[in-house]
Amino acid sequence: MKISLQDQVVLVTGGDSGIGRGISLAFAEAGAQVVVNYNSSRDKAEEVVAQITGAGGRAVAVQANVGHEDDVTRLFDETVKAFGGIDILVSNSGIQKDAPIAEMTLKDWQAVIDVNLTGQFLCTRAAIRRFREQGNRGRMRANGAILCMSSVHEIIPWAGHVNYAASKGGIGMLMRSLAQEVAPDRIRVNAIAPGAIRTPINAEATEGAAADKLLKLIPYGRIGDVEDVAALALFMASDLADYMTGTTVYVDGGMTLYPGFEDNG
Ligand code: NAP
């Protein structure tokens, strides 16, 4: 079965890199028109746009800091200006600023919360406002679909990363509360929780000796690729998942199966 997002408009925050890049390319291949949001990496965003347009698709790159309210307003305005509306938001942008708790600065705490949690609040709010305003555009069964990028750290505690883990735990309840609130509007809200996926955010942990250590946490025995996440995102954004809302789906090679217990604990 081939999944089609023909003529649907998708905004992917952090669409220039890693998982967001994989989703931008996969959605474009499925027929979507893609807004590739980036914060600082203009060249990377332009490269994704060039790849999509080179293959006959439609895409634009739009800079915006998802933690800034005015930027997010402009990002959605430019999305509508470019493609006439929006059908899918992939709220994906995220950062890490790791430190043991005694050394974690307020600045590092705030920076992660601003992008990972407040950024998703601002983007999902803007998407819901647009979805309500435009009604059903005749391209999908729902009146809009939102995918929030979470993490296995939505439920796995992570020492030395309390800002990141708190932001992803927050995404779980942000997503479920929103899903409950907007289901009567026929707007679907779900989350994807990846395990270890090879991208720039975790390059140090997924290469060389560090990768061997990481593999001990993954029963399935391999580190994930962005395509593993993109395939799931494609399904969850499409009409095939029209009855799905308020759910976090883990794509983690079994990381959340508590592999430390596989040998009787
Ligand atoms: P990545 O390659 O480092 O990508 C992060 C993206 O976020 C980049 O596109 C970056 O844009 C964007 N970004 C950062 N700050 C931003 C801001 N203020 N405003 C707008 N965009 C901003 O990392 P990734 O692994 O693909 O991560 C994507 C998402 O997946 C994150 O939410 C992350 O927490 C989640 N995740 C990743 C893994 C994994 O193993 N890789 C596992 C679980 C969850 P610029 O390039 O312009 O800076």
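Values reported hereafter were calculated over all heavy atoms of this structure, with side chains retained and with hydrogens, waters and symmetry mates removed.
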Q: Determine, using the 4.5 Å side-chain heavy-atom cutoff (strictly less than), whether Ile101 and Ile156 are members of one ILVMFWY cluster.
A: no
Q) Atom CG in Leu75, atom CD in Gln63: separation rounded to 0.5 Å? A) 9.0 Å
Q) Can you find a heavy atom in the side chain of Val72 that is under 4.5 Å from one in the side chain of Arg125? A) no
Q.
Go through it in stages, so that I can follow the logic: the residues are Ser93 and Asn39, the test is side chain to side chain contact (heavy atoms under 4.5 Å, CB included), and I'd like the CA-CA distance, side-chain angles, deciding distance and then a yes or no.
A. CA-CA 9 Å; Ser93 291; Asn39 182 41; over 6 Å; no
Q: Report the distance from atom CG of Asn143 to atom CG of Asn136, rounding to the nearest 0.5 Å.
A: 4.5 Å
Q.
With clusters defined by side-chain heavy atoms of hydrophobic residues (ILVMFWY) lying less than 4.5 Å apart, directly or transitively, does Val36 cluster with Val66?
A. no
Q. Quick check: does any side chain N or O of Asn37 sit under 3.5 Å from a backbone N or O of Ala64, one acting as donor and the other as acceptor?
A. yes
Q | Close side-chain approach of Val189 and Thr124, heavy atoms under 4.5 Å | A | no
Q: State the CG-CG distance between Asp16 and Asp43, to the nearest 0.5 angstrom.
A: 10.0 Å
Q) Distance-only, no hydrogens or angles: does the Gln134 side chain make a donor-acceptor pair with backbone N or O of Ile86 under 3.5 Å? A) yes
Q.
With a sphere of 6.0 Å drawn around CZ of Arg176, does it hold more than 12 non-hydrogen atoms of other residues, nucleotides or ligands?
A. no
Q | Side chains of Arg222 and Asp228 in contact at under 4.5 Å (non-hydrogen atoms) | A | yes
Q) What do you reckon, is CD of Glu181 surrounded by more than 12 foreign heavy atoms closer than 6.0 Å? A) no
Q) Is the number of heavy atoms from other residues, nucleotides or ligands under 6.0 Å of Glu204 CD greater than 12? A) no
Q) Would you say the side chain of Thr118 lies within less than 4.5 Å of the side chain of Glu69, judging by non-hydrogen atoms? A) no
Q. With a cut-off of 6.0 Å (strictly less than), are more than 12 heavy atoms of other residues, nucleotides or ligands near CZ of Arg139?
A. yes
(Q) Could you check whether atom CZ of Arg141 has more than 12 heavy atoms from other residues, nucleotides or ligands sitting under 6.0 Å from it? (A) no
Q | Distance, nearest 0.5 Å, that separates OH of Tyr250 from OG of Ser150 | A | 6.0 Å
Q.
Can you tell me if Glu46 has over 12 outside heavy atoms packed within less than 6.0 Å of its CD?
A. yes
Q) Looking at Val10, Leu11, Val62, which one forms a side chain to side chain contact (heavy atoms under 4.5 Å, CB included) with Thr79? A) Leu11
**Q.** side chain to side chain contact (heavy atoms under 4.5 Å, CB included) partner of Ile95, the single match among Asp108, Ile201, Asn116
**A.** Asn116
**Q.** For Thr245 against Ala179, the heavy-atom pair lying closest together
**A.** OG1-CB, 3.8 Å
Q.
Tell me whether Val12 shares a hydrophobic cluster with Phe131, the cluster being built from Ile, Leu, Val, Met, Phe, Trp, Tyr side chains joined at under 4.5 Å.
A. no
**Q.** Pair Arg74 + Asp71: basic N to acidic O under 4.0 Å
**A.** yes
Q | Flag if over 12 foreign heavy atoms under 6.0 Å of CD, Gln110 | A | yes
Q: Please report the closest heavy-atom contact between Trp109 and Val162, naming both atoms and the distance.
A: CZ3-O, 3.9 Å
(Q) Side chains of Val249 and Asn190, heavy atoms from C-beta outward: is any pair under 4.5 Å? (A) no
**Q.** Nearest-0.5 Å distance, CZ of residue Phe83 to CD of residue Gln33
**A.** 5.5 Å
Q) Any salt bridge between Arg130 and Asp87, counting N to O under 4.0 Å? A) no
Q. Do the non-hydrogen side-chain atoms of Ser151 and Tyr164 ever get within less than 4.5 Å of each other?
A. yes
Q) Hey, any chance Met236 and Leu25 share a hydrophobic cluster, counting ILVMFWY side chains that come within less than 4.5 Å of each other, even indirectly? A) yes
Q.
Could you report the tightest heavy-atom contact between Ala30 and Ile3, atom names first, then the distance?
A. CB-O, 3.6 Å
Q: Using a 4.5 Å cut-off on heavy atoms from C-beta on, say whether the side chain of His161 contacts that of Lys168.
A: no
Q: Could you tell me whether the side chain of Asn92 and the main chain of Gly14 form a donor-acceptor pair under 3.5 Å?
A: yes
Q. How many angstroms lie between CG in Leu5 and CE in Met140, if you round to the nearest 0.5 Å?
A. 7.5 Å
Q: Kindly give the cluster partners of Tyr258, where membership spreads through any ILVMFWY side chain lying under 4.5 Å from a current member.
A: Phe261
Q) What about Val48 and Met149, same hydrophobic cluster or not, with Ile/Leu/Val/Met/Phe/Trp/Tyr joined at side-chain heavy-atom distances under 4.5 Å? A) yes
